[in-house]
Amino acid sequence: SSGINAEYGVALDGVYNILSAASKISEEVCNKVAILLEECNGLDLVEKLQEHENEKIYAKSAEIIDTFYKGEEEGEATDLAPTIANGQFVFNAPSANSGHIAF
C-alpha cells in the first residue's frame, strides 16, 4: 500500500540523513553510527528493502548501502566472480602463496 511505502521512504530518508550528518562530522563518527545501525539490525532491514517492488524504496536503500557500507566487504575477495570461457564457467580463486609451495 502507498501508506506503507511512504513510511519506508521516511524511515530510509531518516537513516540516510543520520549517516550523512555523521559523515560530515568525521569518517570515524560515521563508521561508529553505521556500526550501531548494523548492531540493532537496521542494516539487515535496509538490505531487505533492496528487494522491495517500489523503485524509490529500492533506490534509497541501495544508495544507503552504496554510500555508507561500500567498504563493508573489505576482507572479501572481489575477483572471485566466475568468468565464462568457451561456454563454461571459469573460477579464479586467489592463491595464498602465489603458486609457490613452501615446505
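Keep in mind it's a predicted model, so treat the numbers as computed, not measured. The figures here come from the full heavy-atom set of this structure, side chains too, leaving out hydrogens, waters and symmetry mates.
Nearest heavy-atom pair, Gly9 versus Ile57, reported as atom, atom and distance to 0.1 Å: N-CD1, 3.6 Å.
The list of ring pair (Phe, Tyr, Trp, His ring centres under 6.0 Å) pairs with a residue in residues 25-64, not counting sequence neighbours, reads Tyr8-His52.
Atoms CD and CD1, on Gln50 and Ile64 in that order, are 9.5 Å from each other to the nearest 0.5 Å. Asp13 contributes atom CG, which lies 11.0 Å from atom NZ of Lys56 (distance to the nearest 0.5 angstrom). Atoms CG and SG, on Leu19 and Cys30 in that order, are 5.5 Å from each other to the nearest 0.5 Å. Rounded to the nearest 0.5 angstrom, Asn54 CG and Ser61 OG are separated by 10.0 Å. In this structure, CG on Leu37 lies 6.5 Å from CG on Leu43, to the nearest 0.5 angstrom.
Side-chain contact between Glu63 and Thr67 is present, with at least one heavy-atom pair separated by less than 4.5 Å.
There is no path of hydrophobic side-chain contacts, each under 4.5 Å, that joins Leu36 to Tyr16. There is a path of hydrophobic side-chain contacts, each under 4.5 Å, that joins Ile65 to Leu12. A continuous path of ILVMFWY side-chain contacts below 4.5 Å connects Ile18 to Leu49, so both sit in one hydrophobic cluster.
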After noting the C-alpha distance and the side-chain angles of Glu47 and Tyr69, does the key distance pass the side-chain contact (heavy atoms from CB on, under 4.5 Å) rule? CA-CA 11 Å; Glu47 287 175 339; Tyr69 291 94; over 6 Å; no

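When atom types are taken as modelled, the side chain of Ser20 and the backbone of Asn17 share no donor-acceptor pair closer than 3.5 angstrom.
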